[in-house]
Undergrad: 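Structure provided below as structure tokens; questions to follow.
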Amino acid sequence: MVEGLDVVAWERWVAFRKAIRKPIKEASIHAMQMKLAKYGDDQEEVVNQSVSNQWQGLFDLKKSKPGFGEKPVKTDKQVAADNERWQQTQDRCAREWDKRLGEPLAKLKLADALLARYNVRNDEPGHDERMEWLRERVADLLRESDAKLVAGDPSLTAMVCQFWGERGVKKIHARAAA
């Protein structure tokens, strides 16, 4: 017997192979025992998967696909790549931000579009940090912007409301009236 082999799972696998009239050949017993042992604590699940699917071999556990409307779970490597891509995008945008857009109102409209994107992806890692970063940028831009133009734009008013609630909207309207 191979070290680390789950004997109960192995015996179930041998019985299944005999039941489907495909007994394990003497020459491959050791190799198949080693393959099963490499699954460690998952040996029982691997055998169950092969038996339930009527497979003649042992295979890595299949991850079930996400159901309708569910998002797939990302690996740590995928999350790190997403965060790196986000940081590169932020850096590139920061370089181009002042070059292309001189007016704070134009920047606020872009910030509103970015907020919509962040709201759609609200379950991704790093979401709260990104929202806080955006909130700080919007606060700076609101100080520089003409309050009348901001108060007259429903989408910008909605963005202010999302970040600071009705109190923030009232402040914008008070600045516009002054």
Side-chain angles (χ1 to χ4, degrees), residues 1-100 107 110-140 155 158-159 161-165:
M1 281 286 173
V2 173
E3 184 178 332
L5 180 69
D6 181 345
V7 178
V8 174
W10 172 251
E11 289 173 356
R12 182 160 184 252
W13 179 241
V14 171
F16 168 74
R17 290 290 302 259
K18 285 180 183 174
I20 63 169
R21 296 184 182 156
K22 299 279 185 181
I24 301 168
K25 294 184 173 52
E26 193 69 35
S28 61
I29 287 177
H30 183 72
M32 200 168 271
Q33 285 178 342
M34 294 207 26
K35 184 174 186 176
L36 183 59
K38 83 172 184 162
Y39 291 111
D41 294 336
D42 294 333
Q43 293 178 56
E44 186 67 33
E45 288 88 17
V46 169
V47 170
N48 287 341
Q49 173 183 262
S50 291
V51 169
S52 66
N53 291 314
Q54 297 184 10
W55 294 340
Q56 294 181 32
L58 300 168
F59 304 98
D60 293 341
L61 290 172
K62 299 258 184 199
K63 304 285 185 201
S64 63
K65 292 182 179 177
F68 182 74
E70 293 178 354
K71 291 188 177 183
V73 176
K74 293 184 176 185
T75 65
D76 292 339
K77 190 174 181 180
Q78 290 171 321
V79 169
D82 286 350
N83 288 337
E84 177 66 25
R85 208 171 23 257
W86 181 82
Q87 189 59 51
Q88 289 171 355
T89 302
Q90 292 299 108
D91 295 342
R92 186 176 64 252
C93 289
R95 288 190 303 272
E96 296 294 322
W97 186 263
D98 288 323
K99 247 195 277 185
R100 297 183 187 258
K107 292 177 184 178
L110 280 177
D112 185 40
L114 187 58
L115 176 63
R117 184 176 184 178
Y118 288 173
N119 283 334
V120 169
R121 297 177 165 190
N122 63 358
D123 59 344
E124 289 186 347
H127 174 263
D128 294 336
E129 293 82 11
R130 292 174 187 168
M131 288 295 282
E132 187 57 36
W133 173 87
L134 183 60
R135 182 176 189 219
E136 291 171 10
R137 298 297 84 67
V138 169
D140 293 340
S155 64
M159 179 174 60
C161 186
Q162 182 172 349
F163 281 130
W164 296 281

Undergrad: Report yes or no: does Q43 contribute a side-chain atom to a donor-acceptor pair with the main-chain N or O of G4 at less than 3.5 Å?
TA: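 Side chain of Q43 to backbone of G4, a donor-acceptor pair under 3.5 Å: yes, one is there.
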Undergrad: From D6 CG over to E11 CD, what is the distance, rounded to the nearest 0.5 angstrom?
TA: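 D6 atom CG to E11 atom CD measures 9.5 Å (nearest 0.5 Å).
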Undergrad: Let me have the donor-acceptor pairs involving side chains of residues 122-134, under 3.5 Å, with sequence neighbours excluded, atom names and distances please.
TA:
{"from": "D123", "atom 1": "OD1", "to": "K71", "atom 2": "NZ", "distance (Å)": "3.3"}
{"from": "H127", "atom 1": "NE2", "to": "Y118", "atom 2": "O", "distance (Å)": "3.2"}
{"from": "R130", "atom 1": "NH2", "to": "N83", "atom 2": "OD1", "distance (Å)": "3.0"}

Undergrad: Report the C-alpha distance between R12 and E44 in whole Å, list the side-chain angles of each, state the deciding distance to 0.1 Å, and finish with yes or no for side-chain contact (heavy atoms from CB on, under 4.5 Å).
TA: CA-CA 9 Å; R12 182 160 184 252; E44 186 67 33; 4.0 Å; yes
Undergrad: Give a yes or no answer on whether the side chain of Q49 reaches the backbone of D60 with a donor-acceptor pair at less than 3.5 Å.
TA: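 Confirmed, Q49 side chain pairs with D60 backbone.
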Undergrad: Which atom names give the shortest non-hydrogen contact between G57 and W13, and what distance separates them?
TA: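 Between these two residues, the closest heavy atoms are O-CH2, 3.6 Å.
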Undergrad: Drop me the distance from D112's CG to Q162's CD, to the nearest 0.5 angstrom.
TA: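 Going from the CG atom of D112 to the CD atom of Q162 covers 9.0 Å.
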Undergrad: Is there a side-chain contact (heavy atoms from CB on, under 4.5 Å) between D82 and R85 once you walk through the steps?
TA: CA-CA 5 Å; D82 286 350; R85 208 171 23 257; 2.3 Å; yes
Undergrad: Would you find more than 12 non-hydrogen atoms of other residues, nucleotides or ligands less than 6.0 Å from D76 atom CG?
TA: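 Not more than 12 within 6.0 Å, no.
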Undergrad: Begin from the C-alpha positions of F16 and V47 and carry the test side-chain contact (heavy atoms from CB on, under 4.5 Å) through to its verdict.
TA: CA-CA 9 Å; F16 168 74; V47 170; over 6 Å; no
Undergrad: State, to 0.1 Å, how close V2 and A37 come at their nearest heavy-atom pair, and which atoms those are.
TA: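 Of all heavy-atom pairs spanning V2 and A37, the closest is CG1-CB, 4.0 Å.
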Undergrad: Can you tell me how far apart CD1 (I20) and CD (Q54) are? Round to the nearest 0.5 Å.
TA: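 Output value for this atom pair is 7.5 Å.
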Undergrad: So how far is it from L115 CG to L110 CG, rounded to the nearest 0.5 Å?
TA: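 Between L115 CG and L110 CG, I get 12.5 Å after rounding to 0.5 Å.
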Undergrad: Cut-off 3.5 Å, no hydrogens considered: what does the side-chain donor-acceptor table look like for residues 21-35, sequence neighbours left out?
TA:
{"from": "S28", "atom 1": "OG", "to": "K25", "atom 2": "O", "distance (Å)": "3.2"}
{"from": "K35", "atom 1": "NZ", "to": "L58", "atom 2": "O", "distance (Å)": "2.9"}

